[in-house]
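Proteins come first, then strands; the chains are lettered A, B, ... in the order of their sequence lines, and each starts at number 1.
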Amino acid sequence: MPAAFALMDCNNFYASCERVFDPSLANAPIVVLSNNDGCAIARSAEAKALGIAMGEPAHLRRGFYDRHGVRLFSSNFALYGDMSRRVMETVKMLAPGGPEDMEIYSIDEAFVRLDGDVPRDREAWARNLRRIVLRWTGIPVSVGIAPTKTLAKIANRTAKRDPSCAGVFDLCAHPDPDAVLAATDAGDVWGVGRRHAAMLARHGVRTALALRDLPDVFVRSRMTVTGLCTVRELRGVPCIPLEQAPPPRKSILTSRCFGRPAHTFGAMAEAVAAYACRAAEKLRALGLAASHVTVFVMTSPHAEGEPYHADTTTAGRLQATDHSAALMALARTCLERIYRPGHRYKKAGVMLTGLERADARQQALPGLTPGAGDDERGRDLMRALDAVNAKWGRASLQYAGAGLDKPWRMRQAHCSRRFTTSWDDLPEAKS
DNA sequence: TCTGGGGTCCTAGGACCC
DNA sequence: TCTGGGGTCCTAGGACCC
């Protein structure tokens, strides 16, 4: 029997993370909000049962949340990222083929290659994985098993939704796989988004089964080669391999809505400088350097009576750099080109591209002076900056240009503590 | 007061080359 | 009553993912 794929997916991951550290949340409806406390991005089972939708704007539902005792949380990515690391380390230990046979797909999902051909063994492995992950991390997970990654996604949905599965479903061992596909909406297939789902519906294709049986020519012409991959995977032909090593990054983005609109060049310059610094920190953490900086700005698309305004531009340099000040300077150049007075800006972002490994950078031509920060002193300064902030917390030491009071900073009114990554955030011991 | 952040890939079309 | 063929690179826009 050919290899099978298992997909491990954490149940209501962010809500489950909050629950691990607060027993009073055991059976409560929990909603985790996006940055800026804007929309609901994760819900516990109890919150889903109340009809709270993914992505709904929270400010429209405050009264409803209060009435039903919904516990609200600002997103706490320091906590979720660390809990994810613990879950993934555990899965890695239990992968039958070793760590090479595991792919961390997202913050709460991992694929594992399973070679055993005895269905009972596969299911027993999955049940053991669930038990150990729950015991070691407190996070409940579900496991779907199938011949391809796309089918494993579908199997995982079944594992989550059908209580008789108790968290594990092996599509390879199911007597009637077509029935499972017939019970899955085409739009719920991995790789089929809203637009393609609507297009398919116009052609009478509503289930994963109907999508699977579509002619290749139709799929290729309307959904490109990626759609064809998806359809072949539904037929049980593996087209999407396990990614052992994460592919090299092509861009790094830091963008945020402002807690309050920014309407001066000074405020915008501060925000853009702060985002450029944050992006530079991510860059150095990955051991990369960037040659180009893109800045975009926009006003709120929701504000009535105000014209929507958005613009973007890019500036570059000959040699890639990982120096904060050099990248800030490029970002400022971009902002000067696109800033228009008179607008209430709601969001800005800084993207770094032209990424190379910092230790194997293309050198400038002889005779050209290196850009600011590309010498030994510049590298020492960045090492010191990162070391201080690693020890004392993010932005303990920062460029003044990134702003001190940051009136545009995002709102996070409901944040839980960073229980697992910050000693200062541990609750006081009661004696 | 008021609607997230961070990514990737594919295609079409234009500019440019010989 | 007439305008090649073949290629690369870049960009904008669209679609998808969690």
Handout entry: Strand DNA chain B in bracket notation, Watson-Crick/G-U under 3.5 Å with | for pairs to another chain
Key = ....||||||||||||||

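The residue Glu56(A) sits apart from the nucleic acid: no heavy atom pair falls under 4.0 Å. Residue-level contact check: Ser75(A) touches neither bases nor backbone, having no heavy atom under 4.0 Å from any strand. Residue Phe77(A) is out of contact with every strand shown, counting any heavy-atom pair closer than 4.0 Å. Residue contacts shown for Asp37(A) are absent, as no nucleic acid heavy atom lies under 4.0 Å away. At a threshold of 4.0 angstrom between heavy atoms, the contacts of Val32(A) with the nucleic acid are absent. Contact annotation for Asn36(A): no contact, since no heavy-atom pair falls under 4.0 Å across all strands. Residue Arg260(A) is out of contact with every strand shown, counting any heavy-atom pair closer than 4.0 Å.
Ion pairing between Lys153(A) and Glu109(A) holds under the 4.0 Å rule for side-chain N and carboxylate O.
Residue Ser75(A) comes nearest to Gln412(A) through the heavy atom pair O-NE2, 3.1 Å, listed as atom of the first residue, atom of the second, then distance.
Taking the six-membered ring for Trp and the full ring otherwise, Trp190(A) and Phe5(A) have centroids separated by 6.0 Å or more.
Remark: Arg61(A) is positioned above the aromatic ring of Phe64(A), its terminal NZ or CZ atom under 6.0 angstrom from the ring centre and at most 45 degrees off the axis.
The aromatic rings of Phe265(A) and Tyr339(A) sit perpendicular, their planes meeting at an angle over 60°, well past the 30° parallel limit.
Atoms CZ and CG, from Phe169(A) and Asn156(A) in turn, are 11.0 Å apart once rounded to the nearest 0.5 Å. How far OG1 of Thr420(A) is from CG of Asp82(A): 3.0 Å, rounded to the nearest 0.5 Å.
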Problem - Evaluation steps, side chain to side chain contact (heavy atoms under 4.5 Å, CB included), between Tyr65(A) and Leu72(A) - result: CA-CA 8 Å; Tyr65(A) 293 171; Leu72(A) 283 181; 3.7 Å; yes

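Between Ala58(A) and Arg220(A), it is Ala58(A) whose nearest contact on DNA chain B lies nearer the 5' terminus. Positionally, the nearest nucleotide of DNA chain B for His302(A) lies more toward the 5' end than for the other of His302(A) and Ile252(A).
A side-chain donor-acceptor contact under 3.5 Å links Arg284(A) and Ser324(A).
Once you apply a 4.0 Å limit to the heavy atoms of chain A, the touched nucleotides of DNA chain B run 5' to 3' over dC2(B) to dT11(B).
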